Undergrad: 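What follows is a single structure, and I will ask about it in a moment.
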Amino acid sequence: MHITLRQLKTFRAVASLGQVQLAAAQLNLSQPAASMAVSELEKQLNGQLFDRFGNRLKLNARGMRLLPFACELLDRSQEISSLFLQEDDNPSGRLTIGASTTIGNYLLPGILAAYEKKHLDVTASLDIHNSSRVIEKLATFEVDIACIEGPCHHDDIQVLPWLEDELIICAAPSHRLANKSGVTLGELETEYWLLREQGSGTRMLFDYYIAQHMGHLKVRMELNQAEAIKQLVMSGTGISCLSRLSIAHELARGELTAIHLKGCTLTRKLSVLMHKKKYKGALVNSLLNALEMYASV
């Protein structure tokens, strides 16, 4: 048996992108060369690694078993190739970071800017989706590490507590409840809500702490971007529940105001996620250290 790194690299790209054509473009290969690499690998392993649906390829059970080992071998080969080019044990290479929307838009950019100034030979790629989608991408090794604000109960994923965040019920400053202390859930039942989409960490927490305890919830719109929600709230279209991270500037400038819910503070844990079968090389460990240092400041 003679399995090459090129075959494994092509296999990983096809597993991530779902098409040989896209994988070939990513790896700067011709499509026939990429197809041949996958076919040769399957021949070496005496069986198909993908189920084929037209031009789409999806990992089958054999492919899922191979994927973590292929990723580890490729990560280790990258470390070997850069081992003697590193100075003072500084890592080099490419990191793909999955992040839920709030963390990816309002928290990680500053952390990554400081990280890349210290690690000049590292290129970081930030892949932003809602929490559910980020977990899916981490589970299939499409990202190296992830940060989310929602819960994660996936058997293959390790959850590392990171930071604490607060959700704020917010409204335009002219709203009737804006300056009232101790608002009740009953008073909120008559309001129109502008909410994050199902699957987002923010929406999961809102549904758990607020929505399920209200007799009737008037959802005017569901949106997948906090920026759009903020603009609608400021225009008086409705009220929302958003992370303090995402509305800190608007609260400070008086463009939004917090509605204080009686007897309830909506706090949540932000988490760093790692795949349990993912090889944690120098690159991943360097980012983990940077995230831990940020949390300790």
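These figures come from a predicted structure and were not determined experimentally.
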Undergrad: How close do Thr257 and Ala172 get, heavy atom to heavy atom, and via which atoms?
TA: CG2-O, 3.7 Å
Undergrad: Side-chain heavy atoms under 4.5 angstrom apart, residues restricted to Ile, Leu, Val, Met, Phe, Trp, Tyr: same cluster for Leu73 and Leu49?
TA: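 Same hydrophobic cluster.
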Undergrad: Does atom NZ of Lys276 have more than 12 heavy-atom neighbours, drawn from other residues, nucleotides or ligands, at distances under 6.0 Å?
TA: yes
Undergrad: Just verifying a value: how many Å separate Glu72 CD and Lys277 NZ, rounded to the nearest 0.5 Å?
TA: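 Nearest 0.5 Å value for the CD-NZ distance: 12.0 Å.
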Undergrad: What distance do Gln44 atom CD and Thr4 atom OG1 have between them, rounded to the nearest 0.5 Å?
TA: 8.5 Å
Undergrad: For residues Leu8 and Ala70, report the shortest heavy-atom separation together with the two atoms involved.
TA: CD2-CB, 4.0 Å
Undergrad: Starting from the C-alpha separation in whole Å, work towards a yes-or-no answer on side-chain contact (heavy atoms from CB on, under 4.5 Å) for Thr101 and Thr202.
TA: CA-CA 9 Å; Thr101 308; Thr202 299; over 6 Å; no
Undergrad: Using every non-hydrogen atom in the two residues, find where Leu107 and Trp162 come nearest and quote the distance to one decimal.
TA: CD2-CH2, 3.7 Å
Undergrad: Between atom NE2 of His275 and atom NZ of Lys280, what is the distance when rounded to the nearest 0.5 Å?
TA: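 Between His275 NE2 and Lys280 NZ, I get 10.0 Å after rounding to 0.5 Å.
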Undergrad: Transitive ILVMFWY cluster of Leu194 at side-chain heavy atoms under 4.5 Å: who else is in it?
TA: Ile168, Met221, Leu223, Ile229, Leu232, Val233, Met234, Leu242, Ile247, Leu251, Leu256
Undergrad: Less than 4.5 Å apart, any side-chain heavy atom of Val272 and any of Glu292?
TA: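 They are not in side-chain contact.
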Undergrad: Is there a side-chain contact between Trp193 and Ile169 (heavy atoms, below 4.5 Å)?
TA: yes
Undergrad: Identify whether the distance between the nearest side-chain nitrogen and carboxylate oxygen of Glu164 and Arg268 falls below 4.0 Å.
TA: no
Undergrad: Output the distance between atom CD1 (Ile145) and atom CD1 (Ile97), rounded to the nearest 0.5 Å.
TA: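 Rounded to the nearest 0.5 Å, the CD1-CD1 separation comes to 7.5 Å.
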Undergrad: Test side-chain contact (heavy atoms from CB on, under 4.5 Å) on Ser16 and Glu142; report intermediate values, then the result.
TA: CA-CA 6 Å; Ser16 173; Glu142 295 178 58; 3.8 Å; yes
Undergrad: In this structure, would Met293 and Leu160 fall into the same cluster of hydrophobic residues linked by side-chain contacts under 4.5 Å?
TA: no
Undergrad: Assess the residue pair Thr190 and Arg176 against the criterion (side-chain hydrogen bond (donor to acceptor under 3.5 Å, both in side chains)); give the C-alpha distance rounded to whole Å, side-chain angles, the decisive distance to 0.1 Å, and a yes or no.
TA: CA-CA 12 Å; Thr190 60; Arg176 67 181 184 89; 3.1 Å; yes
Undergrad: Looking at Arg133 and Asp127, is any side-chain nitrogen of the basic one under 4.0 Å from a carboxylate oxygen of the acidic one?
TA: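 Not counted as a salt bridge, because no side-chain N and carboxylate O are separated by less than 4.0 Å.
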Undergrad: Can you tell me which residue pairs pass the ring-ring contact (aromatic ring centres under 6.0 Å, His included) test with a partner in residues 10-30, sequence neighbours excluded?
TA: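 For residues 10-30: Phe11-Phe50.
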Undergrad: Quick check on the hydrophobic clustering: are Met64 and Leu41 connected, directly or via other members, by side-chain heavy-atom contacts under 4.5 Å?
TA: yes
Undergrad: When you group the ILVMFWY residues by side-chain heavy-atom contacts below 4.5 Å and let the links chain together, are Leu67 and Leu273 in the same group?
TA: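 No, no single cluster joins them.
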Undergrad: For Lys218, I'd like to know if atom NZ has over 12 heavy atoms of other residues, nucleotides or ligands within 6.0 Å.
TA: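 More than 12 heavy atoms, drawn from other residues, nucleotides or ligands, come within 6.0 Å of this atom.
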Undergrad: Would you mind reporting whether Leu270 and Leu245 have side-chain heavy atoms less than 4.5 Å apart?
TA: yes
Undergrad: Using side chain to side chain donor-acceptor pair (under 3.5 Å) as the criterion, list what pairs up with Ser125, not counting sequence neighbours.
TA: none
Undergrad: Can a donor-acceptor pair be found between the side chains of Gln21 and Asn55 at a distance below 3.5 Å?
TA: no
Undergrad: Any side-chain heavy-atom pair from Glu222 and Arg196 closer than 4.5 angstrom?
TA: no
Undergrad: Can you tell me if Arg52 has over 12 outside heavy atoms packed within less than 6.0 Å of its CZ?
TA: yes
Undergrad: For Tyr106, which residues count as a ring-ring contact (aromatic ring centres under 6.0 Å, His included) partner, sequence neighbours excluded?
TA: none
Undergrad: In a table with atom names and distances, give each donor-acceptor pair under 3.5 Å that connects a side chain of residues 147-155 to protein atoms at least two apart or in another chain.
TA:
from, atom 1, to, atom 2, distance (Å)
Glu149, OE1, Ser100, OG, 2.3
Glu149, OE2, Thr102, OG1, 3.4
His154, ND1, Asp156, N, 3.0

Undergrad: Is there a side-chain contact (heavy atoms from CB on, under 4.5 Å) between Lys58 and Phe53 once you walk through the steps?
TA: CA-CA 8 Å; Lys58 183 178 180 181; Phe53 306 93; 4.2 Å; yes
Undergrad: Other than Leu17, what residues sit in its cluster of Ile, Leu, Val, Met, Phe, Trp and Tyr side chains whose heavy atoms are under 4.5 Å apart, directly or through others?
TA: Leu22
Undergrad: Should Leu283 and Asp75 count as side-chain neighbours, where that means a heavy-atom distance under 4.5 Å?
TA: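 Side-chain contact under 4.5 Å: no.
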Undergrad: Drop me the distance from Leu188's CG to Leu177's CG, to the nearest 0.5 angstrom.
TA: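 Interatomic distance, Leu188 CG to Leu177 CG, rounded to 0.5 Å: 6.5 Å.
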Undergrad: Less than 4.5 Å apart, any side-chain heavy atom of Leu163 and any of Ile103?
TA: no
Undergrad: Please check if the side chain of Glu40 supplies one atom and the backbone of Gln7 the other of a donor-acceptor pair under 3.5 Å.
TA: no
Undergrad: Among Lys137, Lys278, Arg94, find the residue that satisfies the salt bridge (charged side-chain N to carboxylate O under 4.0 Å, His left out) test when tested with Asp144.
TA: Lys278
Undergrad: Going by the rule ring-ring contact (aromatic ring centres under 6.0 Å, His included), which residues pair with His129 if we only count those two or more places apart in sequence or in a different chain?
TA: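 ring-ring contact (aromatic ring centres under 6.0 Å, His included) list for His129, sorted by chain: empty.
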Undergrad: Could you pull out all donor-acceptor pairs under 3.5 Å where a side-chain atom in residues 204-214 meets a protein atom, sequence neighbours excluded?
TA:
from, atom 1, to, atom 2, distance (Å)
Asp207, OD1, Arg203, NE, 3.0
Asp207, OD2, Arg203, NE, 3.4
Gln212, NE2, Tyr208, O, 2.6

Undergrad: Enumerate donor-acceptor pairs with a distance under 3.5 Å from any side-chain N or O in residues 24-38 to protein atoms, sequence neighbours excluded.
TA:
from, atom 1, to, atom 2, distance (Å)
Ser30, OG, Ala33, N, 3.2
Ser35, OG, Gln31, O, 3.1

Undergrad: With rounding to the nearest 0.5 angstrom, report the CG to OG distance, Leu266 to Ser243.
TA: 11.5 Å
Undergrad: Apply side chain to side chain donor-acceptor pair (under 3.5 Å) to Thr184 and list each qualifying residue two or more places apart in sequence or on a separate chain.
TA: Glu187
Undergrad: Listed by chain and number, what are the ring-ring contact (aromatic ring centres under 6.0 Å, His included) partners of His175, not counting sequence neighbours?
TA: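 Per chain and number, His175 pairs via ring-ring contact (aromatic ring centres under 6.0 Å, His included) with no residue.
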Undergrad: What verdict does the side-chain contact (heavy atoms from CB on, under 4.5 Å) test give for Thr140 and Leu59, after you've listed the backbone C-alpha separation in whole Å, the side-chain angles of each residue and the deciding distance to 0.1 Å?
TA: CA-CA 10 Å; Thr140 54; Leu59 285 174; over 6 Å; no
Undergrad: Any donor and acceptor pair, going by atom type alone, linking the side chain of Arg76 with main-chain N or O of Tyr279 inside 3.5 Å?
TA: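 A pair under 3.5 Å: no.
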Undergrad: Do the side chains of Phe69 and Val14 join up, straight or via other hydrophobic residues, at under 4.5 Å, putting them in one cluster?
TA: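 In one cluster with Phe69: Val14, no.
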Undergrad: Partners of Asn60 by side chain to side chain donor-acceptor pair (under 3.5 Å), sequence neighbours excluded?
TA: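 Checked Asn60 against side chain to side chain donor-acceptor pair (under 3.5 Å); zero matches.
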Undergrad: With distance as the sole test, does Arg220 use its side chain to make a donor-acceptor pair with the main-chain N or O of Gly238 at under 3.5 Å?
TA: no
Undergrad: Using a strict 4.0 Å threshold on nitrogen-to-oxygen distance, state whether Lys230 and Glu227 make a salt bridge.
TA: yes
